Amino acid sequence: MTDAASPPDTLKSRPILMSVLDKFAAGDHVALARIITAVEDRRNGYQDLLARLYARSGRAWRVGITGPPGAGKSTLVFRLAELLAAQAKKLGIIAVDPTSPFTGGALLGDRIRMQDLSNNPNIFIRSMATRGSTGGLAEATRDATMVLDAFGMDVILIETVGVGQVELDIARACDTVVVVFVPESGDAIQAMKAGLMEIADIYCLNKADREGAERLVVELQSVLGLRKKTTPWEHPVISTQALNNKGIPELWASVAAHREFCQNQATFDHRREQRIADDLQTIIKNKIDRRVQAALRDSESYRNKIAEIAAGTTNPYAAAVELLGEIAGSLAD
Ligand SMILES: Nc1nc2c(ncn2[C@@H]2O[C@H](COP(=O)(O)OP(=O)(O)OP(=O)(O)O)[C@@H](O)[C@H]2O)c(=O)[nH]1
Ligand SMILES: [Mg+2]
């Protein structure tokens with residue numbers, strides 16, 4: 001049985017998509033946007049598309065910028081983008097917007113600030129929206145990141161609000177995770193307890209122009225000094241003022257240092273393997289889920305079981321085991 005959501009010949013039957021692929025390969029941003037949209041919307045054939053593009057990926061460095069709402073993540077991303085643009089780097093930016101009610105997920109403020117940069121031919125900016133599904137966001141973001149990687153980006157910056165499991169998962173899937181906090185974040189020890197702080201490779205204290213910033217940096221450094229070390233990487237604490245464009249080269253230097261560190265480390269291979277394992281499991285689970293849905297949709301005994309459970313002649317546990325036996329064959333092909 002074929003996957004209901006992606007018949008294998010879909011691409012061939014859609015020559016438009018093939019021409020989009022040619023344009024994508026030639027570096028066309030419109031084609032890139034269309035492909036990300038097709039992937040984000042899980043359009044027919046998107047898996048074949050991803051399978052084709054995967055071989056081109058693996059070169060980009062993924063940098064997660066995460067932290068509490070309003071910490072200045074977008075401003076930092078904007079400043080980093082300016083810095084990288086000046087170095088003629090090819091840059092992909094994904095802003096993951098977990099709560100915005102706007103379709104398309106665009107935050108107006110972010111958009112306006114990014115407008116100048118979005119005209120730069122080396123920079124591509126994309127917002128990802130939840131569109132009501134939680135699990136799907138992490139996947140769609142991962143796939144969009146892979147597409148950007150395959151497009152030939154040197155760096156991909158991914159902004160997520162560090163609230164909630166999905167956003168943490170997205171950040172964790174990056175090669176370097178920058179956790180942004182601000183003087184108002186409260187005392188560093190409290191902050192360390194939150195899952196957010198534990199995923200950091202680099203701590204960025206933004207809004208360092210505000211009162212209490214220096215004290216917080218010292219406090220965080222002392223907490224980090226006390227922490228049981230699980231890696232030889234020395235977690236830097238970088239002070240920035242994104243609004244005033246201060247500390248940005250230092251922040252980027254620490255990302256570059258982390259990249260260098262990772263590329264000389266077996267731990268990095270482990271992290272990359274872990275990411276591949278996570279991706280693979282998610283892809284398998286989703287495929288199984290779609291096949292289960294398709295098999296049950298066509299199953300008469302499924303409808304009969306529902307009636308029997310409602311009538312009290314069987315129970316859902318026994319019915320599930322029987323139905324699984326019936327549809328098992330269709331899950332494996
Ligand atoms: N004082 C001060 N304000 C800053 C600094 N950086 C950013 N801001 C301000 O903080 C506010 C929030 O900035 P954003 O960049 O939108 O923050 P964000 O973390 O992306 O916010 P969300 O995406 O909504 O979570 C804006 O008004 C910025 O101008 C800074 O270094 N100092
Ligand atoms: Mg933002």
Side-chain angles (χ1 to χ4, degrees), residues 62-85 91-118 123-131 134 137-138 141 144-145 155-171 174 176-186 191 194-197 199-200 202-217 220 236-255:
R62 294 149 205 238
V63 182
I65 310 280
T66 189
K73 300 176 295 295
S74 296
T75 317
L76 278 168
V77 165
F78 171 65
R79 297 298 186 199
L80 287 171
E82 280 182 319
L83 185 89
L84 294 168
L91 178 65
I93 297 172
I94 297 181
V96 181
D97 164 27
T99 50
S100 170
F102 309 116
T103 44
L107 287 177
L108 193 61
D110 291 351
R111 280 236 162 148
I112 291 168
R113 282 213 300 281
M114 293 279 183
Q115 215 146 38
D116 282 348
L117 278 176
S118 62
I123 298 181
F124 181 88
I125 302 168
R126 181 72 180 208
S127 289
M128 305 288 292
T130 49
R131 299 191 178 165
T134 47
L137 181 66
T141 303
T145 307
V155 175
I156 301 167
L157 300 176
I158 302 169
E159 179 192 338
T160 65
V161 175
V163 180
Q165 196 55 45
V166 175
E167 287 71 32
L168 286 182
D169 287 347
I170 292 170
C174 293
T176 299
V177 179
V178 177
V179 169
V180 183
F181 60 110
V182 286
E184 302 83 66
S185 296
L196 175 64
M197 299 302 269
I199 63 168
I202 295 164
Y203 297 93
C204 172
L205 179 78
N206 191 41
K207 307 197 186 181
D209 50 299
R210 290 198 176 161
E211 206 187 319
E214 265 172 56
R215 188 182 48 80
L216 196 56
V217 168
L220 184 63
V237 183
I238 311 287
S239 294
T240 57
Q241 298 179 28
L243 198 59
N244 304 323
N245 206 5
K246 286 193 179 155
I248 308 303
E250 290 78 2
L251 178 61
W252 186 251
S254 68
V255 173

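Quantities reported herein were computed from a predicted structural model and do not represent experimental measurements. Whatever order the structure lists them in is the order used to number ligands and atoms, beginning at 1.
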Atom pair CZ (Phe181) and CG (Leu220), whose distance is rounded to the nearest 0.5 Å: 4.5 Å
Residues 62-72, side-chain donor-acceptor partners within the protein, below 3.5 Å, at least two apart:
| unit_1 | atom_1 | unit_2 | atom_2 | d |
| --- | --- | --- | --- | --- |
| Arg62 | NH2 | Asp149 | OD2 | 2.8 |
| Thr66 | OG1 | Thr160 | O | 3.0 |
| Thr66 | OG1 | Thr160 | OG1 | 3.1 |
| Thr66 | OG1 | Gly162 | N | 3.3 |

Neighbour count above 12 (heavy atom, 6.0 Å) for Glu250 CD: yes
Proximity flag Glu159 to ligand 1, non-hydrogen atoms under 4.0 Å: yes
By side chain to side chain donor-acceptor pair (under 3.5 Å) - contacts of Thr145 (at least two apart): none
Per-atom contacts of ligand 1 with Asp209, taking only distances under 4.0 Å to non-hydrogen atoms: 1 (N), 2 (C), 30 (C), 31 (O), 32 (N)
Where ligand 1 meets Pro69 - atom numbers and elements under 4.0 angstrom, heavy-atom basis: 25 (O)
Residue Glu159 atom name (nearest to the Mg ion (ligand 2); N/O/S): OE2
Geometric N/O contact Ala208 with ligand 1, under 3.5 angstrom: no
Contact check: Thr75 to the Mg ion (ligand 2), N/O/S below 2.8 Å: no
Value rounded to 0.5 Å, distance of CD in Glu211 from CD in Glu184: 10.0 Å
Separation of Ser74 OG from Ile93 CD1 (nearest 0.5 Å): 9.5 Å
Atoms in ligand 1 flagged as close to Val161, the criterion being non-hydrogen separation under 4.0 Å: 25 (O)
Shortest heavy-atom approach to atom 4 (C) of ligand 1 - which of Lys246, Lys73, Lys207: Lys207
Proximal atoms of ligand 1 relative to Gln241 (non-hydrogen, under 4.0 Å): 31 (O)
Atom pair CZ/CG of Phe78 and Leu157 - distance to nearest 0.5 Å: 13.0 Å
Ligand 1 to Asn206 polar contact by distance, N or O atoms, under 3.5 Å: yes
Residue Ser74 vicinity, atoms of ligand 1 by number, heavy atom under 4.0 Å: 15 (O), 18 (P), 20 (O)
From Ala95, Ser239, Gly70, Ala242 - option closest to atom 22 (P) of ligand 1 by heavy atom: Gly70
Check: Pro249 main-chain N/O paired with Arg79 side-chain donor or acceptor under 3.5 Å: no
Shortest non-hydrogen separation from Leu216 to Val182 and the atoms involved: CD2-O, 3.6 Å
Ligand-residue contact atoms, ligand 1 with Arg210, heavy atoms, under 4.0 Å: 1 (N)
